[in-house]
Amino acid sequence: MTWVLAIANQKGGVGKTTTAINLAAALAERKKRTLLIDLDPQANSTLAFFKLDEIQTTIHEVLGEQRISLASILRPTKDEFLKVAPGKLSLSRLEVQLAGQFDAPFKLKDALTPVLKEFDYIVLDTPPALGILTVNALVASTHLLVPIQAAYFAIEGTDDLLETYSRIRSRPNPDLKILGVLITLFDKRTNISRDTHEQIRAVFGGTLFKTKISKNVRLEESPAYKETILTFAPKSPGAIEYRKLALEVIQRVEEDRSARHAEDAA
């Protein structure tokens, strides 16, 4: 089975794209066939691997009126197990273009169907908004991963995301599950990070990942060199933490696989 992971939080600056890039890389490092899809109009997941002038066709042409195949836009990376479906700024226009189309929420799911068997994991980097692109990601996904910054007001706004999650589960994608909540930009030296950690744990309980992603200058620097943290600074705290996160993700989806099989057998 292919696991499709939506990395989503409508708040910006929570490490969503950093998590999408480096989780995908960490899964690929473990020889999991991985696809990273950049649905964010800022296209930072794309720019972390490629120069802008290298990109001709993107996920915009797949989901928009051109309707080209997803397979035709996939680009290899330095890791043989990782491919990227690039995005670009024009994705922001899709919100308007898709408005009113009856099948708008299913565009990505339909595009993924022909390539699912080629990958073990598909990681979706979503915009910092709960518009049609994020809805497409949730409809197409098996799991939702929510990054939350270890900062004051960190939980503010998550109610809207969880309400959207519930609505998606109620009709278009009843199999969608929350894989986990990930604390990012954690600074163990500050009281606010530690207090926020306890707040988030109180709210989300067992869905909270054991791994926390620390504030790390290397994580901020690596995209400028077109590298993930795993190759840019392989022994840095950021690289170690994303490797640990990948192990947790694999463990949780395997547990979910067993649970789904048990439900089917019952």
Side-chain angles (χ1 to χ4, degrees), residues 1-8 16-64 66-91 94 107-127 133-134 136-145 179 219 222-232 234 239 242-243 245-247 249-250 253:
M1 181 172 182
T2 303
W3 304 104
V4 184
L5 315 180
I7 315 295
K16 177 179 54 59
T17 293
T18 299
T19 294
I21 292 167
N22 292 297
L23 173 58
L27 290 168
E29 187 180 66
R30 298 193 67 82
K31 294 182 168 45
K32 302 296 184 181
R33 299 170 302 159
T34 305
L35 171 62
L36 172 62
I37 299 181
D38 191 354
L39 293 169
D40 189 343
Q42 297 177 77
N44 288 332
S45 282
T46 301
L47 296 176
F49 293 92
F50 314 110
K51 295 178 181 178
L52 197 59
D53 58 8
E54 295 175 347
I55 305 302
Q56 302 300 322
T57 51
T58 70
I59 194 70
H60 176 271
E61 285 73 42
V62 175
L63 303 180
Q66 295 89 339
R67 297 192 178 216
I68 67 174
S69 71
L70 179 60
S72 68
I73 72 163
L74 301 187
R75 297 182 62 90
T77 67
K78 295 175 183 177
D79 189 319
E80 64 174 308
F81 290 93
L82 177 61
K83 290 184 178 180
V84 175
K88 63 180 178 181
L89 184 61
S90 61
L91 276 168
L94 271 182
K107 296 284 188 179
L108 180 60
K109 184 174 182 178
D110 291 344
L112 282 176
T113 300
V115 303
L116 281 178
K117 292 182 179 179
E118 297 178 25
F119 299 99
D120 301 307
Y121 287 88
I122 297 175
V123 178
L124 309 178
D125 183 18
T126 63
L133 291 171
T134 299
N136 262 264
L138 296 178
V139 170
S141 293
T142 57
H143 295 91
L144 168 64
L145 190 157
L179 184 64
L219 278 172
S222 58
Y225 295 89
K226 307 301 179 195
E227 291 193 56
T228 70
I229 192 63
L230 304 186
T231 56
F232 181 68
Y242 275 110
R243 288 189 180 104
L245 176 63
L247 285 174
V249 165
I250 292 169
V253 296

Any [X] side-chain heavy atom under 4.5 Å of [Y] side chain:
| X | Y | value |
| --- | --- | --- |
| T34 | D79 | no |
| L247 | R30 | yes |
| L91 | L94 | yes |
| T126 | K16 | yes |
| Y121 | L23 | no |
| L47 | L52 | yes |
| K32 | I250 | yes |
| M1 | V253 | no |

Can you measure from [atom1] ([X]) to [atom2] ([Y]) and round to the nearest 0.5 angstrom?
| X | Y | atom1 | atom2 | answer |
| --- | --- | --- | --- | --- |
| I37 | L70 | CD1 | CG | 5.0 Å |
| L133 | I59 | CG | CD1 | 9.5 Å |
| Q56 | E61 | CD | CD | 10.0 Å |
| F119 | L82 | CZ | CG | 9.0 Å |
| T57 | I68 | OG1 | CD1 | 4.5 Å |
| I122 | L112 | CD1 | CG | 5.0 Å |

### Task
Applying side chain to side chain donor-acceptor pair (under 3.5 Å), name anything that partners K107, two or more places apart in sequence or on another chain.
Q101

### Task
List in chain and number order the residues that pass side chain to side chain donor-acceptor pair (under 3.5 Å) with D120, two or more places apart in sequence or in another chain; answer none if no residue qualifies.
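D120 satisfies side chain to side chain donor-acceptor pair (under 3.5 Å) with R33 once adjacent residues are dropped.
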
Over all heavy atoms of both residues, which pair between [X] and [Y] is shortest? Give the atoms and the distance, please.
| X | Y | value |
| --- | --- | --- |
| W3 | H143 | CE3-CE1, 3.2 Å |
| T58 | P86 | CB-O, 3.2 Å |
| F232 | E227 | N-OE1, 3.3 Å |
| K83 | P76 | CG-CA, 4.3 Å |
| P127 | T134 | CD-OG1, 3.5 Å |
| S72 | S69 | OG-O, 2.6 Å |

### Task
Might you work through the side-chain contact (heavy atoms from CB on, under 4.5 Å) test for T46 and I55, ending with a clear yes or no?
CA-CA 9 Å; T46 301; I55 305 302; 4.0 Å; yes

### Message
Name the residue from D38, T18, D40, D125 that meets the side-chain hydrogen bond (donor to acceptor under 3.5 Å, both in side chains) definition with S45.
### Response
D125

### Message
Pair L63, L108 - check side-chain contact (heavy atoms from CB on, under 4.5 Å), show working.
### Response
CA-CA 7 Å; L63 303 180; L108 180 60; 4.2 Å; yes

### Task
Taking the six-membered ring of F49 (Phe, Tyr or Trp), confirm whether the NZ or CZ of R75 is under 6.0 Å from its centre and within 45° of its axis.
no

Is a donor on one side and an acceptor on the other found under 3.5 Å between the side chain of [X] and the backbone of [Y]?
| X | Y | answer |
| --- | --- | --- |
| E54 | K51 | yes |
| N22 | I229 | yes |
| S141 | L144 | no |

### Query
Between T17 and N44, does any side-chain donor sit less than 3.5 Å from a side-chain acceptor?
no

